[in-house]
Structures are given as C-alpha cells and as structure tokens.
Amino acid sequence: MILLDRVTKTYNKNGQALERISLHVEPKEFVIIIGPSGAGKSTLLKLLTREEKPTSGKIIVGGIDYETLKDKEIPLLRRKIGVVFQDFKLLPNKTVFENVAFALEIVGMGNKEIENTVPRVLDIVGLKGKEKRMPEELSGGERQRVAIARAIVRQPRILIADEPTGNLDPKHAWDVIRVLEKINKFGTTVILTTHNQEIVNKLKRRVITMEAGSIVSDRAGAAYKG
Amino acid sequence: MSVKQNTVVFKRIVKTGFINFVRNAWLGIAAMAVMVITLTIILFSIIANATFANTIQQITDRIDVSVYLNDSVTNKQRDELINNLKGLENVEGVTYISKDQALVIYKQQNAGNSDLLTAISQTDNPLPASLQIKPRDPNRIEEIRTYLEKGDIKALQSDETSYSGDRKQAIDKITSATNFFRQAGIAGIIIFAIISMLIIFNTIQMAIFNRRDELTIMRLLGASTNFIRGPFIVESILYGLVSGVLSIIIIKALFTISARTLDASSLGILDIDYSDTYFKDHFFAFLGLQLVVGVLIGAISSLIATRRYLKFKSSK
Ligand SMILES: Nc1ncnc2c1ncn2[C@@H]1O[C@H](COP(=O)(O)OP(=O)(O)OP(=O)(O)O)[C@@H](O)[C@H]1O
Ligand SMILES: [Mg+2]
C-alpha cells in the first residue's frame with residue numbers, strides 16, 4: 001500500500017527533516033509513528049499527501065509512483081487519502097456541518113447524499129447537535145473531532161492522522177482512537193502519530209519510532225501481526 | 001467524475017462565485033467602477049461615431065457645385081462640358097437644369113411672393129440654365145473648381161460658380177470632430193480596458209491573498225483546479241455583467257438629461273436627437289454588446305490572474 005525507499009527531505013540547507021527513510025506499510029495495517037518533537041513525523045506524512053516533495057528517494061502509494069504523478073493528478077490522489085491535520089485546518093467561516101460536507105462537495109456528491117452522510121459521521125465522532133456551530137465556537141477537542149469527521153467522511157483507503165489526540169482528555173482521546181480502529185477494521189490503512197505513551201502501549205500495534213529524521217526502531221504490534 | 005458529478009460541481013462553482021461576489025462587494029467596487037467607465041466610453045464612441053456619420057451624410061447629400069451657363073452656349077458645347085465633367089475623378093454626377101426648369105423651380109420657391117412672380121412673367125426668362133455637379137468627396141472640391149476656372153470653360157459661364165462653401169466648412173468641422181472623437185474613443189477604450197483588467201487583476205490577487213488559508217485547505221482536501229479558480233472567474237464575470245447593465249443605464253440617463261436640459265443643437269456638433277434615436281433603435285444590440293464585452297474583460301483578466309496567483313504546484 002505504502003512504500004518509501006531511501007527518502008530524504010531537506011527543507012533548507014541547515015538540516016535534513018528526513019534522512020534516507022525506507023518504510024513499507026501493508027494494506028489495512030494500523031501504524032503508529034512516535035518520536036520527539038521535530039523528529040520528522042509530520043514531514044513524513046506530508047510527503048504521502050504530496051503536500052511536500054521529497055528531495056530524493058522513491059514514494060509509491062496505492063500503486064502510484066509519485067515521480068510520475070502529474071500536478072493535475074494530485075487532487076485525485078488526495079481524495080483517496082483522508083487526513084487529520086495536526087493543526088486541524090478547518091474552514092473558519094463554515095459551520096461544523098459545512099466543513100465536513102465540503103470534503104464531499106469537492107468530489108461532486110449530490111446535496112441529498114451529503115445531507116444523509118454528514119450527520120452519520122458527526123454522530124460517530126460524537127458531535128451530534130453541534131452541526132451549526134462555527135469552528136471558533138468549539139473547544140480544541142471538538143475541533144479535532146470535526147477534522148476527523150472530515151477525514152473519514154469520504155471513506156478513504158488510507159487515513160493519515162497527525163496527532164489526532166493531541167488536544168483531547170483521556171476519555172475523548174480514546175473515543176477518537178476507537179473511531180480510527182473501527183475505520184481500520186472496515187479496511188482502511190491507518191497511520192497515526194502521537195506523543196501519548198498510554199495509547200501506544202494499550203493499542204499494541206506496529207510502532208515506528210523516529211528521531212532526528214531517521215527511523216530508529218520499527219516493531220510489530222503484539223496484538224495483531226501483519 | 002461522472003456527468004452528474006460534473007454538473008453538481010459546476011453548479012457549486014457558480015454558486016460560490018455568486019456568494020463571493022456578494023461578500024466581496026466592497027473589493028469589487030473599484031473593478032466595476034472602472035469597467036463601467038470603459039464600457040460607457042465604448043458605447044458612447046459607437047453612438048457618437050454613428051451620429052457624426054449621419055450628420056456628415058446629411059450635409060454631403062446636399063452639397064453640390066452649380067455652374068451657370070451663358071444663354072449663348074450651344075447644345076453641343078453643353079453636352080461636351082457635361083461629358084468632360086463626368087470624366088473628372090471626383091464627379092459623381094451632373095444634372096442639367098434648363099432655363100425653363102430653372103424658371104419652374106424659381107416659381108415654386110417663390111410661390112408666396114406674387115409681386116415677384118408677376119414681374120418675372122412679364123419679362124423673358126432671365127434665369128440661366130445650369131449644371132449641378134455632385135462631388136464624390138466634398139473635401140476635394142478644389143479639383144472641380146480648377147477645371148471650371150480654365151479660360152475656355154469660364155467663357156461658357158454667365159455667373160460666378162456657386163460652391164455651397166458654408167456647407168463645406170461645416171463638413172470640415174464635423175469631419176475633424178469625428179476623427180478626433182474616433183481617435184480619442186479608441187485611445188480611451190484601450191487605456192480604460194487595460195486599467196479595468198489591471199484592477200480586476202488586483203482585486204483577484206487581493207481576494208486570493210485574503211482567502212489563501214482557505215484555498216490551501218481546499219487544495220489539501222483534493223479540490224480540483226477548476227473548483228478553486230472557478231468561483232473567481234464567475235465573480236469577475238458578474239462584475240462584467242453588472243458593469244454592462246450600469247453602463248447602459250448611464251448612457252440612457254445621459255441622453256435623457258441632455259435631451260431635456262439642453263437644446264438639442266446647443267451641444268454643438270453632436271446631434272443628440274439622432275444619438276438618442278440610434279441608441280433606442282439598437283438598444284438590445286447595445287445591451288448585448290456591453291454584456292459580452294464586460295464578460296470578456298472579466299473572464300480574460302480573471303483567467304490570467306488566477307493562473308498567475310494561484311500557484312497549482314504540488315507543494316504549498
Ligand atoms: N516548512 C518547513 N520549512 C522548514 N523547515 C521545516 C518545515 N516544516 C518542518 N520543518 C523542520 O523539519 C523538522 C521536522 O519537522 P516535523 O514537523 O516533521 O516534526 P514532527 O516530528 O512532526 O514534530 P511534532 O511532534 O512537534 O509535530 C523540524 O526540524 C522542523 O523545524
Ligand atoms: Mg508534527
């Protein structure tokens with residue numbers, strides 16, 4: 001599903017954000033990426049969504065070699081990948097409902113279908129009744145859950161979640177993790193970054209540890225293998 | 001995407017364009033103001049041009065050169081003169097008016113003056129036969145004059161040639177005014193069209209800058225290029241449509257006001273009555289023209305601006 005071969009990313013001359021990263025993720029896998037701040041976790045995820053281009057190295061996602069990817073094909077690629085951004089990236093002048101609906105409007109889904117789909121997904125992330133709120137009227141955790149709803153509403157083959165539990169109390173953090181597990185169970189490959197050690201320990205999934213732009217350990221989960 | 005999906009997306013682009021148009025009304029006012037000026041100049045130039053052409057035509061139709069013949073001129077001499085005149089490059093036609101015809105015309109013209117009529121009927125016909133020469137180009141009447149001033153030709157004439165000189169002056173005045181207006185019009189159209197394009201450019205650049213976060217998010221969510229740039233183009237086309245309608249209203253108002261407050265002729269050389277009629281007769285053609293030109297200016301400048309300022313690169 002995801003293949004990185006000696007990928008290096010240099011933002012500027014001062015240092016490398018990623019250094020010769022090689023990584024393979026199977027379809028339907030659930031991968032957790034951990035590591036200290038600045039280790040390069042977000043950079044790695046940005047390479048997958050083509051938000052950033054690698055300085056060198058090969059990236060293949062879902063059979064698409066990014067080297068041959070044309071600029072106008074990028075939107076189609078991004079539609080297949082759901083992303084929960086570390087900074088949410090909600091549209092500030094749209095309501096909760098509209099923010100989630102927007103992901104569907106882009107791909108040309110009809111209004112009726114959107115009106116059926118969005119509430120279901122908002123229910124999953126526990127935001128029922130807050131459809132009409134604006135993002136600024138939400139708590140950090142609620143915003144995070146809007147971002148998750150938007151990421152999963154298109155039922156992507158791959159879900160990338162950059163610290164989706166960062167702003168959440170333990171109860172809500174676990175709610176989010178349960179949603180991700182559910183999505184994963186239905187067949188979506190999930191890549192999650194987190195600083196939350198408890199989640200890492202309890203999930204018992206494959207854990208990739210990064211440090212200063214390199215992968216320092218990659219151990220398979222105890223509970224599920226492959 | 002399927003046809004249905006494309007239709008849905010297209011409707012959404014148009015709708016977003018409308019919403020942005022309303023939301024950015026303040027930003028768009030400068031763009032629309034300049035566009036209205038541009039379109040007004042275009043329409044005014046067209047109408048002024050047509051009006052001048054009409055005025056010139058009216059005067060030209062009436063301009064001619066009259067040559068009065070001696071009674072002693074023989075038919076042969078006369079026909080030769082007519083043929084020679086017709087051979088001149090600038091002569092469109094020559095009409096012969098015999099002494100009898102001249103008398104008839106004279107009597108008609110003075111039908112109210114019975115004293116004069118009585119007096120003239122008591123004498124031999126004193127009116128000379130004449131040739132009325134219609135020039136092709138009233139500006140080049142000199143050529144005909146030179147020919148008529150030649151000694152042997154001059155000898156055939158009884159009176160001084162009449163050139164309707166005052167009309168020529170009027171024509172010269174209007175012709176130079178037309179040329180001036182035409183050139184000023186074209187220059188104005190070009191300058192203001194460029195200014196409106198630049199301002200639309202700027203407006204879109206500002207709108208893109210204001211919405212840069214939103215646009216980045218749209219892109220990250222997989223919005224297509226058209227989905228992102230479409231609303232800007234719709235918005236600019238709306239500027240064009242609104243400006244087109246406004247320019248028509250302004251021209252209409254100008255004619256109404258000037259027709260009411262000014263004596264039609266007091267505006268000098270522009271025949272307001274004719275302009276107004278011409279405008280009314282072609283109203284829908286003009287409305288269509290203004291809308292089309294407005295839409296074109298809007299669409300072209302926004303296409304270029306979005307291409308320039310929305311960088312569709314994969315990163316950022
Ligand atoms: N756009 C950028 N321009 C320049 N340097 C960048 C840019 N984005 C990230 N970096 C640098 O690249 C390195 C890796 O950053 P990255 O955001 O991937 O870290 P991270 O592991 O996600 O950290 P965190 O846990 O704090 O989110 C850091 O040193 C960061 O300063
Ligand atoms: Mg990060």
Side-chain angles (χ1 to χ4, degrees), chain A residues 9 11 43 45-55 59 66-67 69-94 98-114 135 146-147 150-151 153-154 156 160 162, chain B residues 1-28 206-235 303 306-316:
Chain A
K9 172 68 187 177
Y11 283 110
T43 302
L45 300 185
K46 283 175 185 170
L47 291 178
L48 298 179
T49 54
R50 207 56 170 170
E51 197 179 331
E52 296 288 353
K53 278 183 178 174
T55 311
I59 302 175
Y66 282 14
E67 238 159 26
L69 192 67
K70 294 192 191 75
D71 274 3
K72 67 167 196 244
E73 294 166 340
I74 292 172
L76 296 175
L77 170 81
R78 288 181 178 161
R79 289 174 199 184
K80 291 179 194 149
I81 306 176
V83 185
V84 184
F85 300 97
Q86 190 165 10
D87 54 355
F88 317 148
K89 294 204 193 303
L90 299 179
L91 295 164
N93 47 19
K94 284 187 187 290
E98 288 165 348
N99 260 286
V100 179
F102 192 67
L104 300 174
E105 289 176 2
I106 286 172
V107 298
M109 187 186 272
N111 288 334
K112 279 249 167 58
E113 222 180 323
I114 290 178
V146 179
R150 186 180 63 186
V153 73
R154 290 194 296 220
I160 289 173
D162 200 356
Chain B
M1 282 203 275
S2 69
V3 174
K4 185 175 160 277
Q5 282 171 316
N6 277 327
T7 320
V8 170
V9 165
F10 180 76
K11 277 189 199 153
R12 283 191 183 127
I13 288 173
V14 174
K15 192 179 158 200
T16 312
F18 266 90
I19 292 171
N20 292 347
F21 173 76
V22 174
R23 220 179 259 163
N24 302 337
W26 282 109
L27 210 61
M206 253 155 86
I208 289 175
F209 184 78
N210 288 344
R211 278 184 254 159
R212 62 194 181 284
D213 291 340
E214 191 181 330
L215 298 175
T216 309
I217 295 171
M218 288 169 77
R219 223 169 279 158
L220 288 176
L221 293 178
S224 67
T225 304
N226 287 342
F227 199 92
I228 294 173
R229 102 201 271 210
F232 289 106
I233 293 161
V234 171
E235 196 177 330
L303 276 170
T306 47
R307 180 173 281 267
R308 176 140 163 52
Y309 297 117
L310 287 175
K311 299 223 168 59
F312 297 110
K313 279 201 239 118
S314 52
S315 57
K316 294 282 149 62

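Just so we're on the same page: letters track the sequence lines, and every chain starts at 1.
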Looking only at heavy atoms, which two atoms of A:Val107 and B:Gln5 are closest? And how far apart? O-NE2, 3.4 Å

Whatever's closer than 4.5 Å to a heavy atom in chain A on B:Arg23 counts as side chain

If you look at every heavy atom in B:Gly222 and A:Pro75, which pair is closest and at what distance? O-CB, 3.4 Å

Heavy-atom pair with the smallest gap, counting every atom of B:Arg219 and A:Arg78: O-NH1, 3.0 Å

Proximity breakdown for A:Leu47 and chain B, heavy-atom pairs closer than 4.5 Å: neither

Separation between CG of B:Asn226 and NZ of A:Lys72, rounded to the nearest 0.5 Å: 11.0 Å

Indicate the atoms forming the closest heavy-atom contact of A:Arg150 with B:Leu221, along with that distance. NE-CD2, 3.6 Å

Output the distance between atom CD1 (A:Ile81) and atom CG (B:Leu220), rounded to the nearest 0.5 Å. 11.5 Å

Mind checking the CG-CG spacing from A:Asn93 to B:Asp213? Nearest 0.5 Å is all I need. 10.5 Å

Who passes ring pair (Phe, Tyr, Trp, His ring centres under 6.0 Å) against A:Tyr66, sequence neighbours left out? none

Nearest 0.5 Å please: distance from the CG atom of A:Leu91 over to the CG atom of B:Leu215. 9.5 Å

For a quick test of your reading: what N or O donor-acceptor pairs under 3.5 Å do the side chains of residues 9-18 of chain B make, sequence neighbours left out?
{"unit_1": "B:Arg12", "atom_1": "NH1", "unit_2": "A:Glu105", "atom_2": "O", "d": "3.1"}
{"unit_1": "B:Arg12", "atom_1": "NH1", "unit_2": "A:Met109", "atom_2": "O", "d": "3.0"}
{"unit_1": "B:Arg12", "atom_1": "NH2", "unit_2": "A:Met109", "atom_2": "O", "d": "2.5"}
{"unit_1": "B:Arg12", "atom_1": "NH2", "unit_2": "A:Asn111", "atom_2": "OD1", "d": "2.9"}
{"unit_1": "B:Thr16", "atom_1": "OG1", "unit_2": "B:Arg12", "atom_2": "O", "d": "2.6"}

Which atoms of A:Leu77 are under 4.5 Å from chain B, going by heavy atoms: the side chain, the backbone, both sets, or neither? neither

